[in-house]
> 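Please find one structure pasted underneath; my questions will follow.
Here is how names work: the chains are called A, B, and so on, in the same order as the sequence lines, proteins then strands, and each is numbered from 1.
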Amino acid sequence: MSQTIAPPPRFTTICEMHELPIGLGRSFRIGEQSVAVFRTRTGKVFAVANECPHKGGPLADGMLAGEQVVCPLHTFRFDSTSGECDQPGVCAVATFPVEVVDGFVRIGITA
Amino acid sequence: MIRALHPVKPKLVVIGNGMAGARLLEDVLALDSELFDITVFGDEPYGNYNRILLSNVLNGSQDAKEIFLNSLEWYKENDITLHAGQRVTKVDREAKTVHAGELTVPYDYLVFATGSKPFVPPVPGTSLHGVFVFRTLDDCRNIANYAKGCKNAVVIGGGLLGLEAAKGLMTHNVGVTVIEMAPWLMSVQLDEAGGKVLGQTIEKMGITAKTGASTKEFIGHTQVTGVRFADGSEIPADMVVVSAGIRPNTDLAKESGLKCDRALVVDDQLRTNDPAVFGVGECVQHNGMIYGLVAPLWEQTKVLAKVLTGVDTVAAYTGSKIATKLKVMGVELASMGRISDLQSTDEVVQFSEPSRRVYWKAIIRDGKVNAACLLGDLGPADDLMRMFHAGTSAPERRLELFFSANTEKKETSLADLPDSHQICDCNGVCKGTIVKAINAGKCTLPAVGKATRAGTGCGSCKKLIKGLIEAVAGGVKADPSEGWYVPAVPMDKPTLVFEVKARGLKSVSAVLAELGTSEDEKSKAGLASMLKGLWGSEYIDERDARFVNDRVHANIQKDGTFSVVPRAYGGVTTADELIRIGEVAKKYNVPMVKYTGGQRIDLLGIKKEDLPGVWRDLGMPSGYAYTKALRTVKTCVGSEFCRYGTNDSTSLGIALEKRYQGFEFPAKVKLGVSGCPRNCAESTVKDVGVVATEGGEWEVSIGGAAGAHVRKSDVLCRVKTQAEAIKVIGRFLIYYRDNAKWLERTYDFVPRIGLEAIRSIIVEDSLGIGGDLDYEVEKTAAAYVDPWLERDYPVYAGQFDDARRISLPVLT
Ligand SMILES: Cc1cc2nc3c(=O)[nH]c(=O)nc-3n(C[C@H](O)[C@H](O)[C@H](O)COP(=O)(O)OP(=O)(O)OC[C@H]3O[C@@H](n4cnc5c(N)ncnc54)[C@H](O)[C@@H]3O)c2cc1C
Ligand code: HEM
Ligand code: SF4
Ligand code: FES
């Protein structure tokens, strides 16, 4: 089996840091992709697809439990780094790389 | 001898990761954790869960997460390769390999633990939408989801599982009919008389039972719409759950050339006709018997583990005596042996008490209990089971089978039980194991459950475990975490309040940083509620400690839109208000406008970004329908218009709602006020209810509920005036706010504290805190601000915003 090499993500500026509420998420639509961007109380910024793999809940409206997002619909949890769900049998949510440059938040989307 | 550094371990492969497969692994590891290189295949995409608790998941009393026995981590920790979601499609016994998709895995020992599949009768229509079976977690989820849009559900099969499914469906608000081919329900465990008693009991619960009916067809084009019977009659059905028995999964074993009869045939060592291949669980046939309950599996896995590890190569499984205690639809049932197996020389001892729907029957053969069923009241069940298992002679006076001559003996019998006596049938845990755990300091039910699993199945043995804890440790200690206010801070509420005050912690993040052990959403929300009550205007409100409903002051719906319920004080409105609501509904294309059960109007399906506009146009305050706070005050018309009314219930209701609006509590709070004892506002099933007496006084009662949990409220006191009613209710509400656990409704709080204790504190002011409570009411009422005013001043970035659109740069 040959391995296909994914194109490197392209970073796009989406907002300034202060536009992200502390300890919460905010939703963006980057091209065709719905993304939920979170800023934890410890200052980490991370991004996941804004659609819960379970029943499509808006993850941007969820709460944070440490570095996990808790879906507002049925409280399934997803890890900020791996996207893995705490519920057995539920797929991981897609995660996106984030960088903060000079106070601007940039998200890597593979188009 | 020098041991090789990397010895090649023998390979053990298990097909089937259900209750028997996973239990076998545990038993093997317990005997020798290093011996094998273990691989398991499971068709279901999960770790291992307790299948018998699926009924609880379906009826909502347990969450899917709570029924997992072995998580994916468990397999990792024990170095077991789990292929979850992988079905084994071929076994090559020559090459000693199993195949699943692309995967080929060699084995030295192979175990079939493939369980059973539901039997679906070969009638037309079984593939229509809305026809389900009930076996797996996914079945459970699918049934629950589909039931949402349904009115009439039909369950095919009136056995144990069918009845469990029926009960589960009831909780989803559908009408349920159970179809049974035999002339009575549970024909395996019960005789005709018992089956009739059960039939009456479930009809009482609102389930229709149709016995002696043979299903001929499921009707419908794409979705099922009805069921047709052999006699030509039909009943409507918008969903069907087929529970007509199970069949062992033997296809794979047959294709591999293993000897199968009705199931995979095994000997006393659970070995098949291939010495390297074994079988356990529902897929095997031993000595002509196939078992469909879990208890026999525990005996099988124990024996097989000894054989496989070589601890005892001649360990023998000699068959299981089937005795079970079950709870069918809330009806207690104990069954041992086969009640239908009656010989002419057998003695039958029977007792029935129709008014309580109690039915007991025992069959004595050769002076011993050969079979029995008990329904409705399990008084004599433990003694009978002991006799049944031990094969001891039945009492001379047969009457004493049911009515033991000396009742004192019962008290001591728990201590007298041998250590080998099985207490928890669901998990196969013996008395000795439990006693060991208790002696090791596990003195609570959850602790014993965690250490031994006892009591974590159907739960019918919990009483016995409690008894054991009492006998061994001298008392059941409360589980400490049970008393914690929230999971992330290991303190009960009074200690937590003390610490928070002493350290001056005014925000959720400060509390978690100083006192917390972890961070989770439930704890954050609980702490936010508590701190707000504690610090009032000094509270530092961090919005990330709030659930989305409390951040945007509306109730999130399943599609991510929100519902808006404006306040209608006392359920009274005006023509102008109604017109405004109507105009708002039109302007924002509100998909559903509905009256709630709380006498107000709900606008459902509103987008987050429209919320500020909707609130502005309504010009009414928030009804707090989304949060743990005062919800509604339901009132009847009362003396102003009603012919019977003795008091003015609407004006008291309005006054109460104006006074207590915006008060937040550990759980939601609903009030009701009725103008006379006819109680049209259903006030006696409210957290606080007020009913006018014929004499014109007000009777105040507390702790009522009428949801999934129904409880009639307890009368707290009678007062003469509206002002007195408002005052005493305020005192109770603050007392509840400050002393209840997070999410504890008044219907749990009132019985926990005790009505007498509450009355003495609230009405008689025995603690002398009346003035403080009144002051808290004042303070909290003064702090009320309609949260919908945030429409003009969003508190944080993006509070009411839709997704921000970012266009991607065009790729070159
Ligand atoms: C809703 C419900 C309630 C019940 N209540 C009770 C009760 O109260 N008391 C009681 O004693 N019993 C009860 N039972 C019965 C009990 O659950 C079963 O006896 C027990 O689960 C059987 O265990 P098992 O391991 O043999 O089979 P299962 O638990 O069914 O496990 C078999 C597993 O093997 C997998 N499998 C099958 N073929 C393959 C393959 N080719 N490749 C890979 N994997 C495969 C299946 O997907 C399944 O996960 C209940 C059953 C149900 C469905
Ligand atoms: C997370 C779970 C729940 C949600 C989201 C929810 C939501 C709602 C909403 C939005 C209303 C209309 C609200 C109003 O007019 O104030 C309502 C009403 C009601 N709910 Fe629930 N509810 C939940 C759980 C429960 C439970 C567990 C019970 C029973 C104990 C219950 C019993 C009622 C009753 C009796 C009403 C009618 C009274 C009223 O309209 O306020 N609800 N619920
Ligand atoms: S409770 Fe009494 S006063 Fe109120 S509407 Fe009913 S009959 Fe009339
Ligand atoms: S949709 Fe996210 S948990 Fe159900």
> Within the structure provided, determine whether Q33(A) and L808(B) are in side-chain contact (heavy-atom separation under 4.5 Å).
no
> Measuring heavy-atom distances to chain A, does R551(B) have an atom under 4.5 Å in its side chain, in its backbone, in both, or in neither?
side chain
> Heavy-atom pairs under 4.5 Å with chain B - which of G62(A), G25(A), A36(A) has more of them than the others?
G62(A)
> Out of R41(A), E19(A), E32(A), H18(A), return the one with the most heavy atom pairs under 4.5 angstrom to chain B.
R41(A)
> Using non-hydrogen atoms and a 4.5 Å limit, figure out which bit of A488(B) sits close to chain A: side chain, backbone, both or neither.
neither
> Start with the C-alpha gap between K522(B) and T75(A), add the side-chain angles, then the distance that decides, and say whether side-chain contact (heavy atoms from CB on, under 4.5 Å) holds.
CA-CA 10 Å; K522(B) 202 176 146 191; T75(A) 66; over 6 Å; no
> Give the minimum heavy-atom separation between R77(A) and E521(B), together with the two atoms involved.
NH2-OE1, 2.9 Å
> Sort K608(B) into side chain, backbone, both or neither according to what part of it lies under 4.5 angstrom from a heavy atom of chain A.
side chain
> When rounded to the nearest 0.5 angstrom, what distance separates OG in S27(A) from CZ in R805(B)?
10.0 Å
> Take atom CE of M592(B) as the centre, draw a 6.0 Å sphere, and report whether it contains more than 12 heavy atoms from other residues, nucleotides or ligands.
no
> Tell me, for T13(A) versus chain B, whether the close heavy atoms (under 4.5 Å) come from the side chain, the backbone, both or neither.
backbone
> Does a sphere of radius 6.0 Å around NZ in K558(B) hold more than 12 heavy atoms from other residues, nucleotides or ligands, not counting ones at 6.0 Å or beyond?
no
> Atom CG of residue position D792(B) - does it have more than 12 heavy atoms of other residues, nucleotides or ligands inside 6.0 Å?
yes
> Drop me the distance from I556(B)'s CD1 to L73(A)'s CG, to the nearest 0.5 angstrom.
5.5 Å
> Taking the side chain from E519(B) and the backbone from G66(A), do they hold a donor-acceptor pair closer than 3.5 Å?
yes
> Quick one, R543(B) and P21(A) - any side-chain contact, counting heavy atoms below 4.5 Å?
no
> Does L64(A) form a side-chain contact (heavy atoms from CB on, under 4.5 Å) with K524(B)? I'd like the steps, not just the answer.
CA-CA 9 Å; L64(A) 290 178; K524(B) 287 201 281 191; 4.1 Å; yes
> Does the side chain of E542(B) reach to within under 4.5 Å of the side chain of I22(A), using non-hydrogen atoms?
no
> Looking at CG of D61(A) and CG of N549(B), how far apart are the two atoms once the value is rounded to the nearest 0.5 Å?
9.5 Å
> Minimum heavy-atom separation for G23(A) and D544(B), please, with both atom names.
O-CB, 3.1 Å
> When heavy-atom pairs shorter than 4.5 Å are enumerated against chain A, which of A84(B), G85(B), G798(B) gives the highest number?
G798(B)
> Any carboxylate oxygen within less than 4.0 angstrom of a Lys/Arg side-chain nitrogen, looking at R29(A) and D802(B)?
no
> Please classify the contact between Y796(B) and chain A as side chain, backbone, both or neither, with a heavy-atom cut-off of under 4.5 Å.
side chain
